[in-house]
Amino acid sequence: MSTSPADPYAALGRAAAHAIAYRRDIAQAERTPTVDYDAIHALFDGPVPQQGENGDAIIEELATLAQPGIRASTAPRFFGWVIGNSHPTGVAADWLTAAWGQNAANVSAAPAASAVEAVAARWLLELLDLPREASIGFVTGATVANLVCLAAARSEMLRRRGWDVEADGLIGAPALPVLAGADAHATIFTALKILGLGARQVMLIDTDEQGRMIPAALETAIAGLDVPPIVIAQAGQINTGATDPFDAIAPLVAAAGGWLHVDGAFGLWAQASPTLRHQTHGIDQADSWATDGHKWLQTPYDSGFAIVRDAQAHRRAMAISASYLPPADAGQRDPSDYVIELSRRARGFATWAMIRQMGREGIAAMLEQCCAVAAHVGEALGRIEGVDLRAPVVLNQAILRFGDDAQTLAVIAAVQADAVAYVGASQWRGEWVMRVSVSSSATTMADANLAIASIARCWEAVRKGVA
Ligand SMILES: Cc1ncc(COP(=O)(O)O)c(C=O)c1O
């Protein structure tokens with residue numbers, strides 16, 4: 001039997017107090033977890049509780065137990081992966097989302113959640129300057145956005161060849177060639193596996209030194225096909241930040257009658273900045289685009305957008321119908337028509353709130369600031385003896401090599417231990433590099449300089465053999 005407190009809502013106030021204190025504190029310094037996985041697992045572990053407990057006390061204990069193992073990925077000097085800031089306004093909207101407990105499947109179940117998605121979808125198309133007729137599914141992230149977009153691509157490409165994949169599946173279906181850049185993100189292959197298109201069946205197209213698809217190589221590959229392909233391109237390579245040359249690629253795909261999909265988890269956002277969008281020029285000619293809210297729109301996790309030019313193909317691949325689910329009236333939009341799930345979180349509230357929070361100009365300024373910080377870190381460190389900036393900083397990523405593989409990994413470990421900034425490790429062209437990803441609205445040039453000083457100190461120590 002539950003020992004509920006007099007005020008069943010006290011837990012909410014306690015969580016808010018902890019959340020606010022945490023967010024005020026982490027702006028001060030990078031903090032790596034002080035407790036390792038096994039230790040924290042032991043703290044949480046125990047027998048299945050027999051009796052219910054006091055919610056307020058549970059939340060207090062949760063905060064105390066978890067905090068030493070919370071990686072400070074919203075801190076301004078967190079450069080480990082492309083993780084946005086989970087901006088406080090987005091978090092607050094997300095708290096309300098949870099409190100309202102809406103099941104954002106359809107208009108009947110969740111009228112406000114459905115309406116806010118429709119508005120946020122329109123705003124996203126305008127900010128990213130994509131075809132206004134495109135439809136958007138509000139999903140968990142770019143992984144699922146890639147999956148949803150490629151499901152629409154599969155549906156449409158097979159429909160054009162007289163095959164109904166939704167009804168008849170893939171057994172006996174016409175062959176459907178898939179082409180992707182050789183530096184495509186791992187989640188593209190996840191999507192292809194799930195869709196039955198086979199990760200190993202993909203024809204990889206050669207890329208240049210920055211990881212961009214080479215148009216001539218794509219042209220040659222397309223010329224060898226006898227049916228129209230799905231071509232998967234990329235905006236924002238995870239190591240270099242580079243974007244495929246869409247002006248050259250898109251006409252080749254269109255001439256072949258193919259479907260061009262863009263994985264733009266963070267790179268698609270270059271479209272929202274007047275000074276960065278030359279990089280994505282021509283991207284609006286694609287057929288589908290996957291991107292994240294939780295990276296460069298600064299929404300809390302999880303948030304991604306599956307954007308499909310042909311809304312009918314999008315719905316055909318995704319829509320669920322059942323007698324107990326009343327369809328939306330004409331002119332209304334059921335969110336579940338564009339995503340995999342039926343029951344789902346109302347992600348539109350946080351998206352709407354974050355677009356309001358920054359506005360068009362604030363979004364552009366934040367994107368440009370992240371890129372300026374990445375360029376400053378990359379160039380400043382690249383001037384130090386023994387440090388090699390491995391690719392020009394064209395967006396928000398800087399990859400650096402310190403001496404050899406072992407020294408590079410040692411510097412990364414030393415920087416993580418120094419806990420002024422958090423940087424990650426990655427491999428680029430077969431060699432280990434330090435990866436500095438800048439994607440938080442909280443990061444300033446002062447943070448960049450603190451990080452540079454820490455990294456330079458650590459390199460000096462590694463070089464002298466004292467770290
Ligand atoms: C280019 C690219 N595609 C896809 C993904 C997967 O995105 P998510 O982790 O949000 O699902 C990422 C994540 O870093 C990415 O950088």
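Residue numbers run from 1 in the order of the sequence given.
One finds the CD1 atom of Ile283 at 9.0 Å from the CG atom of Leu128 (value rounded to the nearest 0.5 Å). To the nearest 0.5 angstrom, Asp206 atom CG is 11.0 Å from Leu218 atom CG. Rounding to the nearest 0.5 Å places CH2 of Trp259 at 8.0 Å from CD1 of Ile230.
Legend: residues meeting ring-ring contact (aromatic ring centres under 6.0 Å, His included) with Phe246, ordered by chain and number and at least two apart, are absent. Arg383 meets the salt bridge (charged side-chain N to carboxylate O under 4.0 Å, His left out) test with no other residue; sequence neighbours excluded. A search for side-chain contact (heavy atoms from CB on, under 4.5 Å) contacts involving Ala413 returns nothing, not counting sequence neighbours. Remark: His87 pairs with no residue by the ring-ring contact (aromatic ring centres under 6.0 Å, His included) rule, at least two apart or across chains. Checked against salt bridge (charged side-chain N to carboxylate O under 4.0 Å, His left out), Arg309 has the following partners two or more places apart in sequence or in another chain: Glu133. Considering only residues two or more places apart in sequence or on other chains, Asp287 meets the salt bridge (charged side-chain N to carboxylate O under 4.0 Å, His left out) condition with none of them. For His261, the ring-ring contact (aromatic ring centres under 6.0 Å, His included) criterion is met by no residue, not counting sequence neighbours. Ala372 is linked by a side-chain contact (heavy atoms from CB on, under 4.5 Å) to Met445, counting only residues two or more places apart in sequence or in another chain. Tyr301 is linked by a ring-ring contact (aromatic ring centres under 6.0 Å, His included) to His294, counting only residues two or more places apart in sequence or in another chain.
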Inset, instruction - Decide yes or no on side-chain contact (heavy atoms from CB on, under 4.5 Å) for Asp292 and Leu297, but give the supporting numbers first. - result: CA-CA 7 Å; Asp292 270 315; Leu297 188 56; over 6 Å; no

Inset, instruction - Could you walk me through whether Asp337 and His314 pass side chain to side chain donor-acceptor pair (under 3.5 Å), step by step? - result: CA-CA 8 Å; Asp337 281 354; His314 194 168; over 6 Å; no

Inset, instruction - Step by step, work out the side-chain contact (heavy atoms from CB on, under 4.5 Å) result for Ile249 and Leu260. - result: CA-CA 9 Å; Ile249 287 174; Leu260 179 59; 4.0 Å; yes

Inset, instruction - Let me see the working for Thr408 and Trp459 under side-chain contact (heavy atoms from CB on, under 4.5 Å), right down to the final yes or no. - result: CA-CA 8 Å; Thr408 300; Trp459 167 228; over 6 Å; no

Inset, instruction - Take Asp418 and Arg457 through the salt bridge (Lys or Arg N to Asp or Glu O under 4.0 Å) test and state the conclusion after the steps. - result: CA-CA 10 Å; Asp418 198 30; Arg457 257 193 327 269; 2.8 Å; yes

Legend entry - Audit row: Thr240, Gln397, side chain to side chain donor-acceptor pair (under 3.5 Å) steps and yes/no: CA-CA 6 Å; Thr240 65; Gln397 309 288 311; over 6 Å; no

Legend entry - Evaluation steps, side-chain contact (heavy atoms from CB on, under 4.5 Å), between Trp289 and Thr291: CA-CA 7 Å; Trp289 305 261; Thr291 195; over 6 Å; no

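More than 12 non-hydrogen atoms from other residues, nucleotides or ligands lie less than 6.0 angstrom from CD of Glu126.
For residues 178-191, the side-chain hydrogen bond (donor to acceptor under 3.5 Å, both in side chains) pairs, not counting sequence neighbours, are Asp183-Thr207, Asp183-Arg429, His185-Thr187.
The main-chain N or O of Ser441 is found under 3.5 Å from a side-chain atom of Gln298 such that the two form a donor-acceptor pair. A donor-acceptor contact shorter than 3.5 Å links the side chain of Asp208 to the backbone of Gly211. A distance-only check finds a donor-acceptor pair linking the side chain of Ser336 to the backbone of Ala105 [under 3.5 Å]. Of the possible polar contacts, one joining the Asp310 side chain to the Ala313 backbone as a donor-acceptor pair under 3.5 Å is found. Judged by distance alone, with hydrogens and angles left aside, the side-chain atoms of Asn106 form a donor-acceptor pair with the main-chain N or O of Ala109 at under 3.5 Å. Proximity of a side-chain donor or acceptor of Thr280 to a complementary backbone N or O of Arg277 within less than 3.5 Å is detected. Without hydrogens or angle criteria, Arg212 side chain to Thr243 main chain gives no donor-acceptor distance under 3.5 Å. Judged purely by atom type and a 3.5 angstrom limit, Gln416 uses its side chain to pair as donor or acceptor with the backbone of Val423. Proximity of a side-chain donor or acceptor of Asn396 to a complementary backbone N or O of Leu367 within less than 3.5 Å is not detected. Distance alone, capped at 3.5 Å, places no donor-acceptor pair between the Trp269 side chain and the Gly293 backbone.
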What side-chain donor-acceptor pairs closer than 3.5 Å can you find for residues 350-358, not counting sequence neighbours?
| residue | atom | partner | partner atom | Å |
| --- | --- | --- | --- | --- |
| Thr351 | OG1 | Arg347 | O | 3.1 |
| Gln357 | OE1 | Thr89 | OG1 | 2.6 |

Name each donor-acceptor pair under 3.5 Å that joins a side chain in residues 78-85 to protein atoms two or more places apart or in another chain, with its distance.
| residue | atom | partner | partner atom | Å |
| --- | --- | --- | --- | --- |
| Asn85 | ND2 | Thr74 | O | 3.1 |
| Asn85 | ND2 | Ser440 | OG | 3.4 |

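Of the charged side-chain nitrogens involved, at least one lies within less than 4.0 Å of a carboxylate oxygen, so that Glu117 and Arg344 count as a salt-bridged pair. With respect to Asp388 and Arg401, no salt bridge is recorded, no charged nitrogen being found less than 4.0 Å from a carboxylate O.
Leu176 has its side chain within reach of Leu197: a pair of non-hydrogen atoms, C-beta onward, lies under 4.5 Å apart. For the pair Val227/Pro177, a side-chain contact is recorded, criterion being any heavy-atom separation below 4.5 Å from C-beta on. Leu225 is listed as a side-chain neighbour of Leu179, based on a closest heavy-atom distance under 4.5 Å. At least one side-chain heavy atom of Leu195 sits less than 4.5 Å from a side-chain heavy atom of Leu147.
With hydrogens and angles left out, the side-chain atoms of Ser273 and Thr275 include a donor and acceptor closer than 3.5 Å. No side-chain donor from either of Tyr422 and Arg77 sits under 3.5 Å from a side-chain acceptor of the other. Under 3.5 Å, the side chains of Gln102 and Thr97 contain no donor-acceptor pair of N or O atoms. For the residue pair His18/Gln67, the side-chain donor-acceptor check at 3.5 Å is not satisfied.
Ring centers of Phe349 and Trp100: under 6.0 Å apart, within the cut-off.
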